[in-house]
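If you're wondering where the values come from, they're calculated on a predicted model, not measured in any experiment. Both backbone and side-chain heavy atoms feed into the values below; hydrogens, waters and symmetry mates do not. Letters A, B, ... are given to chains in the order of the sequence lines, protein chains preceding strands, and every chain is numbered from 1.
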Amino acid sequence: MFFGYAGKTWYQSKKNRIFFPDFFILPPPKAVSVYKLPVTLLLLLAFSLKGIAGNTAAKDSNIVISNCKEVYEFVYNRSSGSVQVKESLATTYRCNDFSSSLPIAEFYSAETMIDDVEFSVDGKKPKDVKPVYSYYQVDDYFYSDAHICYFPLLLDKKGSTADVTFQKTIQDPRYFTNVFFDDMYPVTSKQVVFRVPKWMSIELKEMNFNGYSITKTKEYDSRNDVDVYTYTATNIPARESESSCPGPTYIYPHILVMSKEANPAGTSITFFKSTTDQYAWYRSILKNLFNNEAVIKAKADEITAGKTTDMDKVKAIFYWVQTNVRYVAFEDGIAGFLPDKADEVMRKKYGDCKGMANLTKELLKAEGFDARLCWLGTNHIAYDYSTPSLAVDNHMICALMYKGKTYFLDATENYLGLDDYAERIQGRNILIEDGDKYILTHVPQETYAQNLDSEKRVLSINGTNLTGTVNDNWKGEEKEYLLYQLNNIKKDKSQEAFKKYLAAGNSDYKITDLKTSNLDDIDGDLTASYTVVHSNVVSSFGKEYYVDLDFKKEFNSSNFDTSKRKLDYLFPFKTHMERITELAIPSGYTINSVPADVTVKNKNYDFSIRYTQQPGKIIYHKSIFIKNTRLAKPDFRQWNVDIAKLTEAYNQQLVLTAP
Amino acid sequence: MKARFLFTVLSVCILYSASAQKDVAAYKKRAQDIQTEIWGKPSKEFAVTDIPAGMDSESAVIIATSFEVVNSAKTKMKWGAMGSVQRVYYQTTFHERVKINDKAALEDYASLEYQKKLDRTLSAGFVKIYNKTESYIGARIIKPGGKEITVNTDEEVLTEDKTRSKAGKLAISDLQVGDILDYYIRTEKIQEFSGDMQGPYTFFMGGEYPVLYQYLRLQLDENAGVEYINANGAPALKELRDEDDNIILGLELRNLPKIQSSIWASSFRQYPYISLQYIFLSKAADANSHFNRGEVKHGFLSDDLLDQFEKILESPGLPINLAPYNKTAAYFGGEKHMKDQPQDSVIKTLYNAWRLSTFCDFSTKEISITNDDNYVQANSLIGAISLSRMLRTAGIDHELVLVCPRTSNKLKDVMALTDFEALIRIKNKKGYWLAFNDIVTQFNEIPARFQGEEGLVFRPDVDAKKVTYEQTGKVKIPVAGPDKNTETENITVAFNPSNMQQLQIDRLTSLTGSIRHFTQKELLMMEDMEAHLAISINQKKLTDRLADDKKQQKLVTEYSAAFAKEKVNQKSYFEAEIKGQYDQQAKEISLYEVKDAGLFDSDFSYRTNFTMDNFVKKAGNNYIVEAGKLVGSTSKVEEKDRTRSIDVYMPFARTYTYNISLTIPKGYKVKGVESFNKAINNETGSLTSTATTNDGVVHITIQQQYLKNFEPAANWPKLLELMDGFYEISNQKLLFEKGN
């Protein structure tokens with residue numbers, strides 16, 4: 001897929017061997033708001049690492065998992081008085097076609113320890129292989145406590161097998177969130193066994209089992225007073241590696257493990273029986289949070305000095321945090337749930353989502369506003385708080401309760417104004433602190449109208465050129481995207497980069513006299529105006545002039561290869577694009593032919609192209625709305641049909657005849 | 001007993017803990033001392049807080065940057081009085097003061113990563129050979145109002161925390177746009193028993209940001225040997241001795257503008273830089289080193305270095321892989337027979353045998369066949385030395401030529417043998433060059449990066465019993481003309497009868513010379529290349545060879561499976577090639593085939609047949625074809641690149657030819673043919689384009705030629721004329737007008 005505004009990477013003109021860097025990188029991964037790495041993410045990291053090592057594994061059946069047995073047992077550790085989960089992960093790999101190196105990787109952290117690892121190839125332990133244990137750099141984290149145990153095994157002939165067993169301990173069942181059945185290799189057979197003592201209360205929720213061969217049995221082990229749940233999956237295909245796809249919890253078969261409570265040896269431990277318990281646990285961690293209120297107050301007063309209305313004060317604080325605090329993610333043990341002190345975030349001028357949310361809250365509170373911390377899961381996660389679990393949320397923001405309305409302030413979103421919401425949190429279930437209680441509600445679900453990318457051009461024909469003036473306007477996430485890029489490019493290159501962006505990389509589109517609104521202004525719209533000379537866009541043959549009124553052609557030929565793509569497609573945010581080009585018809589000229597209009601309308605998107613003739617001019621009006629950012633695979637065919645209509649419309653030209 | 005054991009264990013733990021704590025305390029003390037040393041009395045340049053007006057528009061300004069080296073040697077008595085050992089101390093300090101003007105620079109400077117500790121001390125019995133490195137960082141922020149804040153380095157996080165190895169990173173607290181960041185990294189190393197070469201340290205005069213002050217100072221032990229070059233107009237270092245006879249080298253520069261990147265430039269040829277390396281030398285080591293103890297060698301390629309290379313060439317113990325030689329002998333029916341053959345045949349076969357051995361040496365333990373394998377680059381020094389030995393054994397007179405590629409430093413600026421690459425030259429009647437490059441480099445093909453360069457010649461005495469080489473002077477490496485590096489495309493185009501806005505394209509592409517390599521490696525299958533190379537020396541292809549060997553027969557199915565798996569990807573490579581050419585994907589590709597792999601003395605040619613959208617616009621009843629885009633996507637040189645003061649390092653002289661035949665659909669007339677007529681001719685090259693209509697077909701022939709691989713800056717406007725002309729043609733269109 002190619003999006004007109006997403007830009008291209010380095011490309012090469014073979015003729016001149018000129019390499020042109022694209023000034024506009026794709027939107028950076030949004031500040032990863034995972035404030036803690038649950039076991040889930042560690043597993044996902046394992047996939048990605050293996051993917052790096054063998055990046056065709058997802059489509060490769062040379063290595064398969066012929067058999068896998070994972071046993072999870074809840075045990076009571078008397079000396080620590082805590083419930084732990086003992087894991088035994090035994091996997092047999094087989095190489096089907098030709099010898100290959102098999103990269104083994106297992107993640108661990110402060111909460112999930114590796115107790116032991118054993119491995120053999122064709123029944124023998126390879127002498128020269130030693131597992132390496134080291135720090136693992138997680139993308140988007142400055143530092144996390146994620147570590148990795150890795151080693152390669154050589155399957156040196158067709159039919160070779162490797163057996164690998166990890167013994168692990170999860171220190172707290174709260175961190176034991178889910179178990180997936182799929183892997184980066186095809187899985188022939190996998191058994192997942194839960195050994196649950198009678199003193200342990202859990203719920204095993206089956207997710208995305210439809211379409212997969214997974215059976216379940218339950219037995220009682222009377223000797224140990226343990227219920228044994230056994231899931232057996234067969235012929236699970238390898239995990240797909242596709243861009244812009246929904247998070248794995250939406251797609252792949254897995255079990256969401258919800259530990260509720262335990263009563264071992266006469267004790268009573270509450271995990272998450274309900275959202276109330278989950279909230280209570282979060283709150284217990286927050287009790288260790290002591291902010292320096294005097295320091296915060298001084299800063300809040302400084303930020304809001306001269307602001308007379310409440311909303312101006314709120315905006316001043318919210319935008320100050322966005323502008324002055326860099327996102328730097330730290331994860332280290334239980335600190336992964338405890339926000340950094342607000343005064344510390346302020347001192348350091350960096351923080352992660354928890355720290356930034358806490359700082360926003362404390363600054364607002366210092367000015368007398370009712371501000372609170374909130375937990376939520378972004379749209380990367382399929383769950384909500386109806387299934388209380390640490391897997392449900394990965395982000396923290398601030399809520400402002402003001403005159404009966406709740407505003408959500410996410411300072412990790414640079415350049416997004418108050419009361420605008422990023423796609424990834426729109427409509428999401430959110431847990432707001434309310435003393436000993438909590439409020440469970442949803443972030444507002446916005447429509448595409450929140451965002452805007454509009455352009456109006458008034459042009460006239462000059463030989464084979466079109467010349468005129470252009471006015472652009474951006475709002476919402478469109479604005480955020482642009483401002484982020486412009487402010488993160490070297491300032492001496494910024495204007496040049498902006499011109500290149502406005503010209504869609506077209507070197508015949510010459511922009512002069514570019515004026516913009518304040519590029520540091522988060523609150524208002526972003527606007528730009530300029531004068532343009534667009535060369536080589538009018539073709540003349542004899543008395544006839546052929547004019548191409550759309551030089552951007554967004555979504556042109558952006559089809560899905562339905563024979564290859566397996567997963568739904570996620571657009572980064574809803575699109576609201578308007579393009580108006582007004583072309584003055586030279587005196588005496590007649591309009592010979594006007595391309596046909598196009599109208600496409602359905603629940604997911606609208607495309608519209610209209611030509612309107614008025615005295616002395618013709619107006620080209622294009623609208624593209626992406627109303628639903630998740631395009632389901634069954635809708636790909638219709639999308640391709642509609643894109644074909646759009647492409648056909650783009651390849652039509654206006655024809656004028658000279659007198 | 002148990003209590004005693006426990007006591008012992010406890011004591012060890014306490015001792016260990018105490019020792020570890022002592023290390024930490026010592027580290028902290030040293031860190032504090034260094035901080036005082038560096039910030040205690042800064043030079044006036046490192047105290048600057050105001051930057052010149054006009055530099056506010058820069059992303060960042062380096063107010064001051066310094067690199068200082070101290071090296072000294074001490075004598076230490078080893079345990080048991082086994083003799084004295086030199087303990088050499090190395091210290092480097094990098095100190096920088098930078099004004100942060102925007103978020104991009106803030107991101108650049110917002111964190112530091114460093115190797116905090118690396119202990120490579122070897123212990124054997126009572127003997128310890130010390131080798132320990134520790135690094136210390138410091139950072140402070142100067143706010144716009146002048147307030148100074150020292151960053152707490154205890155906020156570092158350790159990404160590696162082992163006893164002998166620690167690595168860390170530090171996010172700089174409170175750094176904001178508008179601040180000045182003043183930071184340093186000091187590395188201190190103590191090493192016993194042997195001295196490693198330090199460097200090369202390379203300093204370009206300028207960088208990504210403008211530099212107001214740059215300072216370089218080295219204080220080296222009197223017994224150090226130093227070599228340095230100052231290239232491309234960089235100033236020489238000031239050299240003197242202090243009262244202890246230490247070698248002092250220094251340089252101060254001011255107001256260095258930032259280096260702006262240019263297309264077709266060669267950094268090591270065009271931007272001033274200094275490169276320096278040194279080593280602490282004992283008397284014994286001095287004799288065998290190209291460094292001279294206590295001496296600064298400056299500004300020239302060291303004869304000692306070449307002598308060292310000669311010794312390597314002559315070394316009797318050099319490990320040479322003789323497999324190519326043996327395969328060549330087998331080809332001719334034995335070594336005796338081989339020596340009776342015409343030399344040209346022997347050389348050619350030997351070269352192809354070397355290619356096969358080098359690029360098609362597949363592991364039998366771990367099978368991996370991917371397109372990545374096509375991009376393996378041979379080490380030309382090793383390749384040339386190996387082949388020289390084999391040619392010598394075969395009694396064939398030849399020369400080994402050392403050369404610096406155009407993309408790297410000049411010959412006179414060589415600092416180490418690894419700055420060289422190598423070729424073999426056969427000086428018989430015809431004269432051949434043998435290059436050790438990539439799998440697709442042909443016999444007698446010189447890689448573009450060597451062409452036009454001066455090489456140093458080493459000639460073996462092929463008749464002597466002992467291996468001897470002699471330096472016999474220099475040679476200029478030939479430059480291939482534009483007729484040797486060609487891209488020719490014969491493109492037949494028709495409208496899709498069922499959809500006039502879709503073009504059916506049949507494209508036959510033929511590439512020669514240096515233009516071939518990129519696309520050959522993109523499209524060819526390793527399986528096929530291996531087979532071609534094997535057959536060229538009368539060997540069976542891999543799977544057939546394996547089948548003949550009882551012990552390896554089982555690998556036949558494995559390799560066949562691996563090759564088959566890679567073959568599936570070939571279509572996607574052709575799709576990517578089309579996308580790279582036209583900047584859009586083909587709608588559908590119905591044919592893709594390699595006509596000639598071009599591995600030996602022939603062109604690389606391939607054919608693709610595909611449909612394309614977006615080339616045809618509908619305009620009423622008529623159609624406009626962007627016929628100019630059939631040459632592939634092009635861009636205009638940007639405004640900022642249109643003026644140029646540095647010379648132009650073109651990749652190579654070359655010719656592009658496009659023969660386009662576009663069928664006029666029945667019932668249509670074509671207009672605009674004349675817009676394709678163009679002719680430009682200047683001393684840098686030519687561009688000709690002609691278009692005619694004949695028998696219902698529009699024929700367009702475009703040829704662009706760049707005559708040389710190097711042009712002086714003064715010729716840039718002429719090159720622009722050619723590039724602009726080509727761009728203009730690529731924008732031309734044809735109108736297909738429906739007849740009445």
Side-chain angles (χ1 to χ4, degrees), chain A residues 2 11-20 56 60 62 96-101 134-135 137 142-143 154 156-158 324 326 328 330 332 347-350 487-494 496 505 507-508 536 539 541-542 544 546 548 556-557 592-593 595 647-648 650-655, chain B residues 57-59 101-107 110-111 157 159-160 169 171 173-176 263-264 365-368 501 554 557-559 561-562 565 580-581 583-585 613-614 616-622 624 631-638 640 651 656 671-672 704 723 726 731 733 735 737:
Chain A
F2 172 72
Y11 64 92
Q12 174 188 359
S13 159
K14 273 196 203 173
K15 307 304 160 289
N16 299 329
R17 292 276 186 233
I18 295 170
F19 292 83
F20 292 101
T56 56
D60 180 2
N62 183 38
N96 277 342
D97 299 316
F98 52 86
S99 63
S100 189
S101 178
S134 76
Y135 169 76
Q137 174 66 51
F142 179 77
Y143 175 80
L154 181 61
D156 65 356
K157 57 183 180 298
K158 178 178 168 172
N324 290 281
R326 287 181 297 116
V328 172
F330 267 87
D332 200 355
R347 177 186 71 80
K348 293 190 290 200
K349 299 292 184 309
Y350 63 76
N487 282 289
N488 283 279
I489 289 171
K490 289 182 179 168
K491 62 196 283 190
D492 55 319
K493 299 267 183 266
S494 181
E496 187 190 338
S507 36
D508 285 331
N536 295 318
S539 308
F541 297 94
E544 298 206 315
Y546 298 85
D548 190 345
N556 188 28
S557 297
N592 194 334
S593 171
T647 301
E648 192 188 334
Y650 282 149
N651 287 304
Q652 312 253 358
Q653 298 208 334
L654 179 69
V655 184
Chain B
S57 60
E58 295 289 347
S59 173
N101 282 342
D102 65 17
K103 280 192 173 177
L106 180 63
E107 273 305 313
S111 62
V157 287
T159 55
E160 188 183 15
K169 47 202 290 200
S173 293
D174 199 18
L175 188 65
Q176 292 181 285
I263 55 172
W264 297 332
K365 285 204 164 183
E366 181 186 339
I367 297 174
S368 169
Q501 284 192 265
K554 58 186 165 79
T557 42
E558 291 197 35
Y559 266 105
K565 175 175 156 267
Q581 177 75 353
D583 202 26
Q584 70 164 59
Q585 255 164 322
D613 284 336
N614 300 311
V616 184
K617 314 293 179 199
K618 193 165 192 293
N621 291 325
N622 304 331
I624 294 178
V631 303
S633 94
T634 54
S635 289
K636 197 165 181 176
V637 176
E638 291 180 29
K640 66 177 178 62
Y656 299 102
K671 282 183 176 176
Q704 186 190 37
M723 289 190 272
F726 190 87
N731 275 312
K733 302 166 181 98
L735 174 71
E737 197 176 46

Chain A contact via B:Glu737 - which portion, at a heavy-atom distance below 4.5 Å: side chain
Largest heavy-atom contact set with chain B, pairs under 4.5 Å, which of A:Leu154, A:Thr647, A:Asn324: A:Leu154
Which of B:Gln176, B:Gln501, B:Lys733, B:Lys617 touches chain A most, by non-hydrogen pairs under 4.5 Å: B:Lys617
Heavy-atom contact with chain B under 4.5 Å, split by part of A:Asn592: neither
Sub-4.5 Å side-chain heavy-atom contact between B:Lys618 and A:Glu648: no
Intermediate values then yes/no, side-chain contact (heavy atoms from CB on, under 4.5 Å), B:Glu638 and A:Ser507: CA-CA 7 Å; B:Glu638 291 180 29; A:Ser507 36; over 6 Å; no
Portion of A:Ser101 that has a non-hydrogen atom of chain B nearer than 4.5 angstrom: both
Per-residue contact mode, A:Ser99 against chain B (heavy atom under 4.5 angstrom): both
Proximity breakdown for B:Glu58 and chain A, heavy-atom pairs closer than 4.5 Å: both
B:Gln585 side-chain N/O to A:Ser557 backbone N/O, donor-acceptor pair under 3.5 Å: no
Part of B:Thr159 lying under 4.5 Å from any heavy atom of chain A: both
Main-chain N/O of A:Phe98 paired with A:Asn62 side-chain donor or acceptor, under 3.5 Å: yes
Which portion of B:Asn731 sits near chain A, non-hydrogen atoms under 4.5 angstrom: side chain
Between A:Lys157, A:Gln653, A:Lys158, A:Lys491, the one whose heavy-atom pairs under 4.5 Å with chain B are most numerous: A:Lys491
Max heavy-atom pair count under 4.5 Å with chain B, selected residue of A:Tyr650, A:Tyr135, A:Phe541: A:Phe541
Residue part contacting chain A, namely of B:Asn622, when any heavy atom lies under 4.5 Å: side chain
B:Gly620 to A:Val655 - nearest heavy-atom pair and separation: N-CG2, 4.1 Å
Residue pair B:Ser57 / A:Asp492, side-chain donor-acceptor N/O under 3.5 Å: no
Heavy-atom pair of closest approach, residues B:Ala619 and A:Ser593: C-OG, 4.3 Å
Part of A:Asp508 lying under 4.5 Å from any heavy atom of chain B: both
Heavy-atom contact with chain A under 4.5 Å, split by part of B:Ile624: side chain
Contact class of B:Ala105 relative to chain A, heavy atoms under 4.5 angstrom: neither
